[in-house]
Structures are given as C-alpha cells and as structure tokens.
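Chain A is the first sequence line, chain B the second, and so forth, proteins listed ahead of strands; every chain is numbered from 1. The figures here come from the full heavy-atom set of this structure, side chains too, leaving out hydrogens, waters and symmetry mates.
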There are 2 protein chains.
Amino acid sequence: MPHDSLRRFKADFFQALAHPTRIAIVELLREGELSAGALIERLGVEQANASQHLTVLRSKHIVVNRKVGNQVFYSVRDPLITEVLDVMRRYFYAHLTEGQAMLDEMKSEAVTLG
Amino acid sequence: MPHDSLRRFKADFFQALAHPTRIAIVELLREGELSAGALIERLGVEQANASQHLTVLRSKHIVVNRKVGNQVFYSVRDPLITEVLDVMRRYFYAHLTEGQAMLDEMKSEAVTLG
DNA sequence: ATCGTATATTCGAAGAAGCTAATATACAAT
DNA sequence: ATTGTATATTAGCTTCTTCGAATATACGAT
C-alpha cells in the first residue's frame with residue numbers, strides 16, 4: 001500500500017488524541033501555557049497518570065514544555081492543533097444527536113469557548 | 001471533571017481514526033463510494049481484517065453503507081470528515097521535517113488529491 | 001548536606017485492540 | 001435445493017494501552 005508511512009504518522013497523531021484526558025489537556029492549554037501542576041489540579045487525576053499522558057503528547061510533538069526552576073510549563077506546539085479541534089467541534093456538533101447528554105455539555109462549553 | 005462524556009465521545013472519534021488502514025479507507029472513499037471488495041483490493045489486507053476495520057468506522061458513524069444485491073457499498077457519512085483530514089493535512093505538512101521519508105509521499109499525494 | 005516540592009519514570013496487573021484462521025450469513029444463479 | 005460469491009462474525013492469540021503504587025530525579029530553600 002502506498003503512502004503507508006505517512007498514514008502511520010497520521011494514525012499516531014490521532015492515537016495521541018484518542019483519550020479523554022489528553023483531549024482535556026489540549027483544551028486546557030487553549031488559552032496559553034500551564035504548569036504540570038496546574039494541569040493535574042484541573043484534570044483531577046493521579047499525578048503519575050497525568051504525567052504519562054503528557055509524555056504521550058510530548059512524544060507526538062503535540063505539546064512542548066519549558067522548565068522554570070522547579071516547574072514545567074506546557075503549551076500546544078502549533079495553533080493548527082487548536083484549529084483541528086475547532087473543525088472537529090463543528091463535526092461533533094453536527095452529529096450529537098447520537099448522545100444527548102453531551103449536547104448540554106456542548107452548549108455550556110460553547111459559552112466558555114465562544 | 002466537566003465535559004467528560006463529550007470528551008469521551010471525541011476521544012472515541014480519534015480512536016476510530018487511529019489506525020493506518022482506517023485512514024486509508026477514509027482517504028479511498030474521498031471521491032465517492034466503493035464496495036467492500038474494491039476497498040479490500042486497494043488496501044491489500046486480509047478480507048476479515050478490512051471488514052473489522054469497516055465495522056469500527058461504522059460503529060463510530062464515520063462511514064455508512066448500503067447493500068446492493070450481493071455487495072455492500074461504503075461512503076464517508078459527512079463531508080466534514082474529509083474536511084477534518086484536510087486541515088490535518090496542513091498540519092502534517094507543516095511538521096513533516098519529523099520524518100523525511102513521508103515528505104516525498106506527501107508530495108505525490110498532493111498531485112493525486114489536488 | 002538535608003528536606004520539601006514538582007515532575008518523571010518504572011513495574012506489574014488489567015483491559016482493549018489487532019491479527020489470522022475458521023466459520024457463518026446473505027444473496028444470486030443455476 | 002445446491003453452489004458460488006461477497007461480506008460479516010467469532011475464537012484464540014499476541015501486542016498495546018492504561019492505571020495506580022512505588023521509586024527516581026531535579027531543583028529550591030534552609
């Protein structure tokens with residue numbers, strides 16, 4: 001099959017986003033960088049677990065980090081990623097009759113994110 | 001954590017695309033519907049395997065199918081999905097210094113897909 | 001040097017996803 | 001009714017993912 005290594009690359013990217021916590025991380029970083037600690041607090045998951053998810057996102061170059069003293073600040077590497085999620089938002093919105101509970105969440109999210 | 005079921009939904013969607021063969025399927029269906037047989041031939045994978053991947057895409061409503069006699073024709077359900085992949089293409093193109101072999105593939109793919 | 005805080009890594013268990021081979025279903029044609 | 005073709009499903013195995021608990025590293029403060 002041609003284009004195969006390219007498709008592996010694409011699949012890896014999708015795989016990186018294929019977890020609710022990792023989506024939450026990217027969405028939290030929407031407005032700018034946050035420390036690992038701040039992320040963990042907002043995510044409400046185990047420290048080790050969050051760190052593992054950050055490792056996944058880092059390894060696929062979806063987020064980047066910089067160290068400041070004791071802390072590590074994360075941010076999304078490329079605004080295109082946020083844009084991808086925005087296009088997807090339209091998609092999800094168009095098809096959310098397939099899960100009514102989420103529609104309500106979606107509306108309040110719309111208020112938050114504009 | 002709020003928005004969580006929505007994020008599960010999104011994650012499921014990404015998960016559905018997190019495999020090279022399934023990406024290939026969606027890309028093959030770009031120009032219109034194809035029978036399962038035609039897909040399998042172009043994919044060059046085991047019949048059962050392709051069928052399983054189609055089941056995954058169907059279960060996440062990414063593709064739909066219609067039966068015609070003996071055959072089953074698949075198509076992408078919503079053009080937005082193709083659009084998502086197009087935005088991603090820009091993303092991949094912007095970051096493909098991380099895998100040089102793919103850049104060449106990408107260029108020939110650009111010829112094919114315009 | 002020691003202690004505390006922030007973050008990362010490793011390990012082992014549990015579950016999910018993927019593959020192939022085999023079997024099943026559905027329809028067409030004879 | 002039987003046979004052939006197209007597609008789907010199941011079973012068993014292997015590999016990948018995720019998690020929490022424990023441990024390690026890095027840095028700052030005392």
Side-chain angles (χ1 to χ4, degrees), chain A residues 1 4-5 7-26 28-29 33-77, chain B residues 1 4-5 7-26 28-29 33-77:
Chain A
M1 196 165 24
D4 209 36
S5 62
R7 280 180 188 132
R8 265 193 294 278
F9 183 76
K10 291 177 182 177
D12 280 353
F13 176 87
F14 285 120
Q15 179 63 48
L17 291 176
H19 193 285
T21 301
R22 293 196 292 267
I23 291 184
I25 289 171
V26 173
L28 283 169
L29 295 179
E33 68 178 7
L34 287 174
S35 70
L39 281 169
I40 290 163
E41 182 196 329
R42 287 166 173 81
L43 292 169
V45 302
E46 290 284 323
Q47 181 268 327
N49 191 4
S51 193
Q52 286 163 352
H53 284 302
L54 286 169
T55 299
V56 172
L57 291 173
R58 239 186 307 125
S59 76
K60 299 298 164 41
H61 306 124
I62 290 173
V63 303
V64 292
N65 58 351
R66 81 191 164 93
K67 285 186 165 171
V68 176
N70 221 3
Q71 294 171 286
V72 178
F73 286 87
Y74 282 89
S75 50
V76 275
R77 177 227 219 164
Chain B
M1 190 163 33
D4 209 35
S5 63
R7 281 181 187 129
R8 265 194 294 277
F9 183 76
K10 292 177 180 177
D12 280 352
F13 176 85
F14 285 121
Q15 178 65 46
L17 291 176
H19 193 285
T21 301
R22 293 197 292 267
I23 290 186
I25 289 171
V26 173
L28 283 168
L29 294 178
E33 69 179 7
L34 286 174
S35 69
L39 281 170
I40 289 162
E41 183 195 328
R42 286 165 174 81
L43 291 170
V45 302
E46 290 282 323
Q47 181 270 327
N49 191 4
S51 193
Q52 286 163 351
H53 285 303
L54 286 168
T55 299
V56 172
L57 291 173
R58 238 187 308 126
S59 77
K60 299 298 163 39
H61 307 281
I62 291 172
V63 303
V64 292
N65 57 353
R66 79 191 166 92
K67 285 186 164 170
V68 176
N70 223 2
Q71 293 169 288
V72 179
F73 287 87
Y74 282 89
S75 50
V76 278
R77 179 227 219 163

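Regarding A:L57, its CG atom lies at a distance of 15 Å from the C1' atom of C:dA8, rounded to whole Å. With rounding to whole Å, A:E33 atom CD is found 12 Å from C:dT7 atom P. Remark: C1' of D:dT18 and CG of A:L17 are 17 Å apart, rounded to the nearest angstrom. Between B:L39 atom CG and D:dA6 atom P there is a gap of 14 Å when expressed in whole angstrom units. What separates CZ of A:F14 from P of C:dA17 is a distance of 17 Å, to the nearest Å. Protein atom CD of B:E46 is 11 Å distant from nucleotide atom P of C:dA22, rounded to whole Å. The CG atom of A:L43 sits 12 Å away from the P atom of C:dT7 (whole-angstrom rounding). Per the geometry, CZ belonging to A:R66 stands 16 Å off C1' belonging to C:dT7, to the nearest Å.
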Is there any protein nitrogen or oxygen under 3.5 Å from a nitrogen or oxygen in nucleotides 11-15 of chain D, and what are the pairs?
none

N/O-N/O pairs, protein side and nucleotides 24-30 of chain C side, under 3.5 Å:
none

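Of the candidates C:dA8, D:dC19, D:dA8, C:dA8 carries the atom nearest the A:N65 side chain, counting heavy atoms from C-beta on. Comparing C:dA6, D:dA8, D:dT18 against the side chain of A:R22 picks out D:dT18 as the nearest. Comparing atom distances between the B:V72 side chain and each of D:dA8, C:dG18, C:dA8 picks out D:dA8 as nearest. Of the candidate nucleotides C:dA17, D:dT7, C:dT7, C:dA17 has the atom lying nearest to any side-chain atom of B:Q15.
Using a 4.0 Å heavy-atom cutoff across all strands shown, A:A48 reaches at least one base atom of the nucleic acid.
Side-chain atoms of B:S75 and B:V64, non-hydrogen and from C-beta on, do get closer than 4.5 Å to each other. The side-chain heavy atoms of B:F73 and B:N65, taken from C-beta on, include no pair separated by under 4.5 Å. Counting only heavy atoms from C-beta outward, the side chains of B:V26 and B:I62 approach each other to under 4.5 Å. The shortest side-chain heavy-atom distance between B:V76 and B:L57 does not fall under the 4.5 Å cut-off. Contact annotation: the side chain of A:R66 approaches that of A:E33 to within less than 4.5 Å [non-hydrogen atoms, C-beta and beyond]. The side-chain heavy atoms of B:L34 and B:I25, taken from C-beta on, include no pair separated by under 4.5 Å. Side-chain contact between B:Q15 and A:Q15 is present, with at least one heavy-atom pair separated by less than 4.5 Å.
Within the 4.0 Å cut-off from OP1 or OP2 of D:dC19, at least one side-chain nitrogen or oxygen of A:H53 is found. Using a 4.0 Å cut-off, some side-chain N or O of B:N49 falls inside it from OP1 or OP2 of C:dT20. At D:dC16, none of the side-chain N or O atoms of A:H19 fall inside 4.0 Å of OP1 or OP2 (strictly under the cut-off). For the pair A:T55 and C:dT9, the criterion of a side-chain N or O lying under 4.0 Å from OP1 or OP2 is met. A close approach under 4.0 Å does occur between a side-chain nitrogen or oxygen of B:Y74 and OP1 or OP2 of D:dA8.
Side-chain contact annotation: B:R8 with B:S5, donor-acceptor N/O pair under 3.5 Å absent.
In this structure, B:G37 and A:V56 both approach DNA chain D, and ranking their closest nucleotides by distance from the 5' end singles out B:G37.
One N or O on the side chain of B:R77 and one on the backbone of B:H61 form a donor-acceptor pair closer than 3.5 Å.
Side-chain atoms of B:Q47 come within donor-acceptor range of the base of D:dA8, with a qualifying N/O pair under 3.5 Å.
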Exercise for the section: May I have the step-by-step check of side-chain contact (heavy atoms from CB on, under 4.5 Å) for A:L39 and A:Y74, ending in yes or no? Expected result: CA-CA 9 Å; A:L39 281 169; A:Y74 282 89; 4.2 Å; yes
